[in-house]
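First the structure, in the form of structure tokens, and then the observations on it.
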Amino acid sequence: QVQLVESGGGLVTAGGSLRLSCAASGRTFSNYAMGWFRQAPGKEREPVAAISGSGGLAVYVDSVKGRFTISRDNAKNTVYLQMIQLKPEDTATYYCAADTKWYGLDGVNNYRYWGQGTQVTVSS
């Protein structure tokens with residue numbers, strides 16, 4: 001069992017930055033691939049980024065490439081999503097997810113463990 005708690009969301013103006021954190025408790029953190037997903041009102045949950053257990057592999061959805069960076073600190077059992085140059089269309093609830101298997105960006109229906117989400121609102 002893995003428990004995930006996101007933090008770091010908030011209200012920011014377009015062009016601003018935020019760093020989301022996802023703290024994990026439970027079993028060996030490095031055994032888990034981690035993903036960030038987001039869901040805007042009225043839309044389906046979509047992948048944002050994913051990172052392998054070692055941190056050596058990271059993938060991003062095209063819409064955030066060059067603006068978002070996923071990273072992890074296995075000593076702190078935490079995965080991060082650094083977001084810069086935020087746009088109003090980035091407004092959503094952001095969720096982190098974990099699984100022992102690598103699903104990359106194809107994990108919306110596959111990741112086993114999910115956090116409660118943190119709200120990111122970008123005003124124009």
Side-chain angles (χ1 to χ4, degrees):
Q1 188 75 13
V2 176
Q3 292 81 41
L4 303 172
V5 179
E6 302 96 334
S7 62
L11 173 64
V12 64
T13 56
S17 302
L18 283 174
R19 188 177 80 156
L20 306 183
S21 299
C22 173
S25 61
R27 299 182 181 177
T28 306
F29 184 60
S30 59
N31 287 348
Y32 291 83
M34 301 295 295
W36 282 99
F37 297 79
R38 65 187 180 186
Q39 187 167 18
K43 295 187 177 181
E44 294 185 352
R45 192 170 297 187
E46 63 176 7
V48 176
I51 189 166
S52 62
S54 67
L57 175 63
V59 292
Y60 301 89
V61 67
D62 285 347
S63 60
V64 307
K65 283 181 180 177
R67 300 188 299 121
F68 291 11
T69 303
I70 189 171
S71 62
R72 65 190 297 159
D73 185 337
N74 286 343
K76 295 183 178 180
N77 285 10
T78 302
V79 64
Y80 305 97
L81 186 68
Q82 177 69 51
M83 307 184 293
I84 66 172
Q85 300 174 18
L86 282 160
K87 305 175 181 180
E89 51 263 43
D90 295 317
T91 295
T93 301
Y94 283 71
Y95 300 89
C96 68
D99 202 286
T100 54
K101 295 183 180 181
W102 172 255
Y103 293 110
L105 298 177
D106 297 327
V108 172
N109 296 315
N110 293 321
Y111 280 83
R112 182 172 181 181
Y113 301 105
W114 291 83
Q116 299 283 348
T118 185
Q119 177 67 37
V120 172
T121 303
V122 185
S123 63
S124 58

If you measure from [atom1] on [X] to [atom2] on [Y], what distance do you get to the nearest 0.5 Å?
X	Y	atom1	atom2	value
L18	Q82	CG	CD	8.5 Å
Y94	S7	OH	OG	15.0 Å
D73	Y80	CG	OH	5.0 Å
S63	K87	OG	NZ	8.0 Å
S30	N77	OG	CG	8.5 Å
R72	C96	CZ	SG	10.5 Å

Would you kindly confirm whether [X] and [Y] end up in one hydrophobic cluster when ILVMFWY residues are joined by side chain heavy atoms under 4.5 Å apart?
X	Y	result
Y103	L105	no
V122	V64	yes
I51	L4	yes
Y111	Y32	no
Y95	M34	no

For this session: State plainly whether the residues K65 and D62 are in salt-bridge range, i.e. N to O under 4.0 Å.
Result: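 A salt bridge links K65 with D62.
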Cation-pi, F37 ring and R45 (6.0 angstrom, 45 degrees):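 No, R45 does not sit over the ring of F37.
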Got a donor-acceptor contact below 3.5 angstrom from the [X] side chain to the [Y] backbone?
X	Y	answer
N74	F29	no
E6	G117	yes
R112	K101	no

Tell me the closest heavy-atom pair linking [X] and [Y], and the distance in Å.
X	Y	answer
G104	V59	CA-CG2, 4.2 Å
V2	A24	CG1-CB, 4.3 Å
G66	I84	O-CD1, 4.3 Å
A40	A92	N-CB, 3.8 Å

Validation row: [X], [Y] side chains within 4.5 angstrom (heavy atoms):
X	Y	answer
L20	F68	no
V108	P47	yes
M83	V12	no
R67	Y60	no

Name all pairs fulfilling the side chain to side chain donor-acceptor pair (under 3.5 Å) condition that reach into residues 113-123, sequence neighbours left out, sorted by first residue then second.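 Residue pairs with at least one partner in residues 113-123: T93-Q119, Q119-T121.
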